[in-house]
*Asks:* 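Just passing along the structure, written as structure tokens.
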Amino acid sequence: MGRAPLLYLNVFVIATCGLVYELLAATLASYVLGDSVTQFSLIIGIYLSAMGVGSWLSAYLDKDLALRFLDVELGVALVGGLSAPLLFLGFARLDWFPVLLYGKVFLIGALVGLELPLLMRILREQVEFKYLVARVLSFDYLGALLASLVFPLFFVPRLGLVRTSLVFGLVNAAVALWGSYLLAPLVGRRVIGVRVRCAVVAVILVAGLIKADRLTTLSEDELFADEIVHAETTPYQRIVVTRGRAGFNLFLNGNLQFASADEYRYHEALTHPAMALAAETGVPRRVLILGGGDGLALREVLKWPGVETVTLVDLDPSMTRLAKNYPPLRALNGGALEDPRVTVVNEDAMVWIARGPERYDVALLDFPDPNSFALGKLYTRSFYQRLAKRLAPGGAIAVQATSPLFARRSFWCVVRTMEAAGLFVRPYHVAVPSFGVWGFALARHTPFVPPAAPPQALALRFLNADAMAALFALPADLGPVEVEVNRLDNQALVRAYEAEWQKWQ
Amino acid sequence: MTRRELLTAMLGAPFAAAACHTATRPSPLPPGELVGPSDKLGHRLRDLRAQPPAPTRRERAAIVIVGGGVAGLSAAWRLARAGVTDFVVVELEREPGGTARAGRVAGQDCPLGAHYLVAPFAENRALVTLLSELGAVTGVDDATGEPQFAEEQLVADPEERVFYKGRWYEGLYLHAGASADDQRQLTAFRAEVDRWVAFRDARGRRAFTVPVAACSDDAEVTALDRSSMAEWLAARSFTSPRLRWLVDYACRDDFGATAAQTSAWAGLFYFAARMPRPGDDSQPLLTWPEGNGRLVAQLARAATGRLRTGLAVVDVEPGAPGGEGARLTALDAAGELLGLDAEQVIFAAPQFVAGRALRPFRAAPPAHLREFTTGAWMVANVAVPELPGGLGFPLAWDNVLYESPSLGYVVATHQQPGSRGPTVLTYYHPLCDDDPRAARSRLLALGRDEWAEVALADLSRAHPGLREQATRVDVARWGHAMVRPSPGFLFGGARAAAARPVGRVRFAHSDLSGVALFEEAFYQGVRAAEEVLAERGVASPSLL
């Protein structure tokens, strides 16, 4: 029978797809659960043992082998093809995610394990046994090699996990359809049913691809170095969470907001100098956070025992919802948004600040960088004047002020603008590996010297007495430059910022 | 008239062809109504040929101010500041403010006409005083002595963008694609403007400043009035289309007339009067969501309880200084006549109204009246659920369409703190026919629906889908929007003649300045009020 060589090719493709699903599951698990050695080792173990189980079970299939073979192949196409999208969806929503993950790996392994014994039995009649075993197994192992090469080198960087998964599902379904022609004489008239099922599986997978495109575009996947594990477009911005070996990253409109690996440096530096400064004149009890919907500055604030109320004003309800409900973010901020002391207000800070009589002991301004006129308003003299009116006597303000190294004029523009609003300001900086050198401004109504280190009891990872002193020691290349004050009617900061960052892109 | 004929007439044939090319029928027009001035009451005055009968009811006030626009309200404001309160302001329309009135569309304040003010120099003391009352002046610059203005009331950046071939560009001058020659001509034009900024006459006066009354009357300056701005450009070989567009836009924006219809004096006034020193940036602009309605409201406070609206003054017997008093007759909306006796009258209505209301002018129309011509404007307020965007430079306060007879639109929420959500776009369309009467009949021939159609079609070239998104379009038709500074008019003697008191009547209106700016109407009102105060022997240090 002349179709045997073509069926070897079939084996080759099946083997490639099988290993791709395994690699997908292992990569995805290491992305979202971390600890890649354990995950790879566990997934390989589960997958291979499941193949054993499948092979074992193949002995109990006696009738309609060719039909069973094609159905198993379609099953692999469907379960394997949908594996990455379903696992990503499940990760954000399910508490029993590991069960889903390992269950899925087991199911795919078992189905792939069924395939080879069935095929060998189908071909038994046509090919001498020693050649059959030799050739089926060689093509199987060669397929594995191909998968292990194209997966990391081509598919993950070009397509991302979700699309890779769906594309291999489609390849799998196509091979099943092809198989239905090669094995047609053995299947008989029920081959029509097989082809209908092929079409149904293909439609489902194509629908998945279209849906994936609406979730994240291909170009966006290429833009981010790491895998996108969450993406949504809100009326205000594009929120993307990626997961790489070093942890999670949150991007707003493509700009990195934090990397979980080193965000503690940023958020400790943003929060504790202002808290410590305010603490010099009394326990800071009422804290205001503007922006910072990720809840990470909030986590730092809540470490201070005297804090009674925290008002967090962030424009985007999707952002604060994500910080509250998305497991990796919730884990990172320690469920800070659910703390009873916290009130979340989803409103434009520019609108909010002009209203209400409440005064605050500490205000932390954690807005995205001033890269649009709408954001630029939140760094104007007018805004700081309004903020200053909401500050209690002795209260302190800390403002994230972009990078004093990459955008030195912008950094000093923030400092000078706060001074123009009548505040006394001390600029400071910190090294955050994923950002570079980052700048802040600490301010209050009266002159001050940089505060002493925050209490030991807070158990901070970064900010001890030495680090606190170092924050306020500015190297020569970050020193003052002549800048215009940022006002609503000149948006000097947005213009400076755009010019400065253009140099680095 | 078909939609295509309508758009051809108002926006030009190529655009109409493009707009009507689509096979699908346009979606229904959003609702809306005619707002702003009513031509009905005014035209009753025009058509009232015979002498009105003697009114049965008479009232008196020491001072009657005819016209509750900016000039009249400014006069009232000035009188009230001097402690004089025995006055009454008589206004034809139901709302005061004239062309500076504010409107409200879909819950959002917006202008119905004039909508910004160039920040004044310190020497314009009256205006600085008014702005201080509004909290718009926060202090004085130690170095220059010039006032400092509240950040929130200065036009927020970005101020302007221009739409050209599918894309928005920052600023008003179209830099994108400008040739070396375009750039050279722009620089040369700025040098010409700078020369006039630096100019001082023998008495130390600037060539151009606000108010016009403070400008130099040196022959070298006034000679500019003899040619049109277009002729002035041509005589200096300014041929760059972009530069000519900029100048033409400036003339249409400030005077409602093309560069060919505008005196070169007025054209240069636009550029030079707002610049402190050669090479400086122009003075910043002050604006509010409701436009100059903010200023109107502040001025109107001074006339609280002394403002009579919906009352058309149909007859003025000017009386004589030292002799008999002035006797006025006014007609209300119900057709009732009211007599008003006054010691002094400030006639703060346009000149064409003076020609019909003043009895001696009706009997023998003075020659200067014919010299005053007024342009027609259409202003549409378009409510939209979201701020419009567009390719290229982001939304600005003033959004100009390069290839349109309109001036584009301003965004009512631009000065408000939020950066999102619903807004109102105020679309300005001056009708620049050579014959102002033709423009007026063109304006009034179209109703709300037709003008809304024109506004939406024009805006849709920059914002496709705007027609479907718009929730409301209100239309204001200003038949006599502003005096036209045609060549020869400004220094031809008509303004001086029109400013001369008649009997006990003094005149106060931006017509007398020849350029219809808030600042000019304000100046004329304050000036007339100070003359009245002087005549009454009320001591009050001049603000002028």
Side-chain angles (χ1 to χ4, degrees), chain A residues 234-237 253 290-291 313-318 345-356 367-368 370-390 413 417-418 420-422 484-499, chain B residues 108 116-119 131 135-139 141-142 147-161 168 170-171 274 280-289 385-390 392-399 410-411 413-423 469:
Chain A
T234 76
Y236 309 104
Q237 58 199 348
N253 295 333
L290 301 177
V313 181
D314 192 294
L315 179 63
D316 194 348
S318 304
V345 181
N346 292 120
E347 199 175 345
D348 188 326
M350 191 78 194
V351 178
W352 183 88
I353 197 74
R355 242 199 355 245
F367 297 123
N371 59 15
S372 72
F373 291 117
L375 283 166
K377 285 184 180 184
L378 303 172
Y379 292 84
T380 52
R381 181 182 63 179
S382 169
F383 186 80
Y384 295 133
Q385 281 168 341
R386 287 174 177 178
L387 176 67
K389 287 187 191 142
R390 306 292 297 271
C413 178
T417 303
M418 292 173 75
E484 213 179 342
V485 166
N486 185 40
R487 300 188 315 261
L488 287 170
D489 62 298
N490 67 4
Q491 291 266 15
L493 178 61
V494 172
R495 293 169 188 282
Y497 182 87
E498 193 189 335
Chain B
Q108 171 64 45
Y116 71 95
L117 189 66
V118 179
L131 291 171
V137 178
T138 54
D141 188 293
D142 294 334
Q148 291 169 323
F149 297 95
E151 197 176 323
E152 296 80 7
Q153 302 188 41
L154 292 171
V155 169
D157 192 41
E159 187 175 310
E160 293 154 338
R161 62 172 182 171
W168 292 96
E170 183 172 14
R274 44 180 74 176
D280 279 2
D281 288 337
S282 287
Q283 284 288 93
L285 307 180
L286 291 155
T287 192
W288 304 270
E386 271 300 323
L387 293 178
F393 194 76
L395 188 68
W397 169 62
D398 191 12
N399 303 271
V410 293
V411 180
T413 52
H414 188 76
Q415 295 296 106
Q416 290 173 199
S419 301
R420 286 167 186 87
T423 193
Q469 289 151 17

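Not measured: the values here are computed from a predicted model. Sequence lines set the chain letters: A, B, ... in the order given, protein chains first and strands last, and positions in each chain run from 1.
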*Asks:* How far does CG of A/L488 sit from CD of B/Q153, to the nearest 0.5 angstrom?
*Replies:*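 Between atom CG of A/L488 and atom CD of B/Q153 there are 11.5 Å.
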*Asks:* To the nearest 0.5 Å, how far apart are CD in A/Q385 and CD in B/E152?
*Replies:*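 Those atoms lie 6.5 Å apart.
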*Asks:* Heavy atoms only, distances under 4.5 angstrom: which of A/E347, A/Q491, A/M350 has the most pairs with chain B? Name it, please.
*Replies:*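 Result: the option with the highest number of such pairs is A/Q491.
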*Asks:* If I measure from the heavy atoms of chain A, does B/P394 come under 4.5 Å with its side chain, its backbone, both, or neither?
*Replies:*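 The side chain, not the backbone.
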*Asks:* Please look at A/A354 and chain B and tell me whether the side chain, the backbone, both or neither of the residue comes under 4.5 angstrom of a heavy atom of that chain.
*Replies:*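 For A/A354, neither part sits under 4.5 Å from chain B.
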*Asks:* For B/E151 and A/N486, which heavy atoms make the closest approach, and how far apart are they?
*Replies:*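 The answer is OE2-O, 4.3 Å.
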*Asks:* Taking the side chain as C-beta and beyond, is there a heavy-atom pair between A/D348 and B/S419 under 4.5 Å?
*Replies:*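 SC-SC contact between A/D348 and B/S419 confirmed.
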*Asks:* Checking B/Q416 against chain A: side chain, backbone, both or neither under 4.5 Å from a heavy atom?
*Replies:*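 Just its backbone gets close to chain A.
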*Asks:* If I measure from the heavy atoms of chain B, does A/R495 come under 4.5 Å with its side chain, its backbone, both, or neither?
*Replies:*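 The side chain, not the backbone.
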*Asks:* What part of A/Y236 gets closer than 4.5 Å to chain B, counting heavy atoms only: side chain, backbone, both or neither?
*Replies:*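 It is both, since atoms from each part get that close.
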*Asks:* Decide if atom CD of A/E498 counts as having more than 12 heavy atoms of other residues, nucleotides or ligands within a radius under 6.0 Å.
*Replies:*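 12 or below, so no.
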*Asks:* Closest heavy-atom contact between B/D157 and A/N490?
*Replies:*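 Here B/D157 and A/N490 meet closest at OD2-O, 2.9 Å.
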*Asks:* Using a cut-off of under 4.5 Å on heavy-atom pairs, state which of B/G418, B/P284, B/P158 scores highest against chain A.
*Replies:*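 The answer is B/P158.
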*Asks:* Heavy-atom distances under 4.5 Å only: say whether A/L375 touches chain B with side chain, backbone, both or neither.
*Replies:*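 For A/L375, neither part sits under 4.5 Å from chain B.
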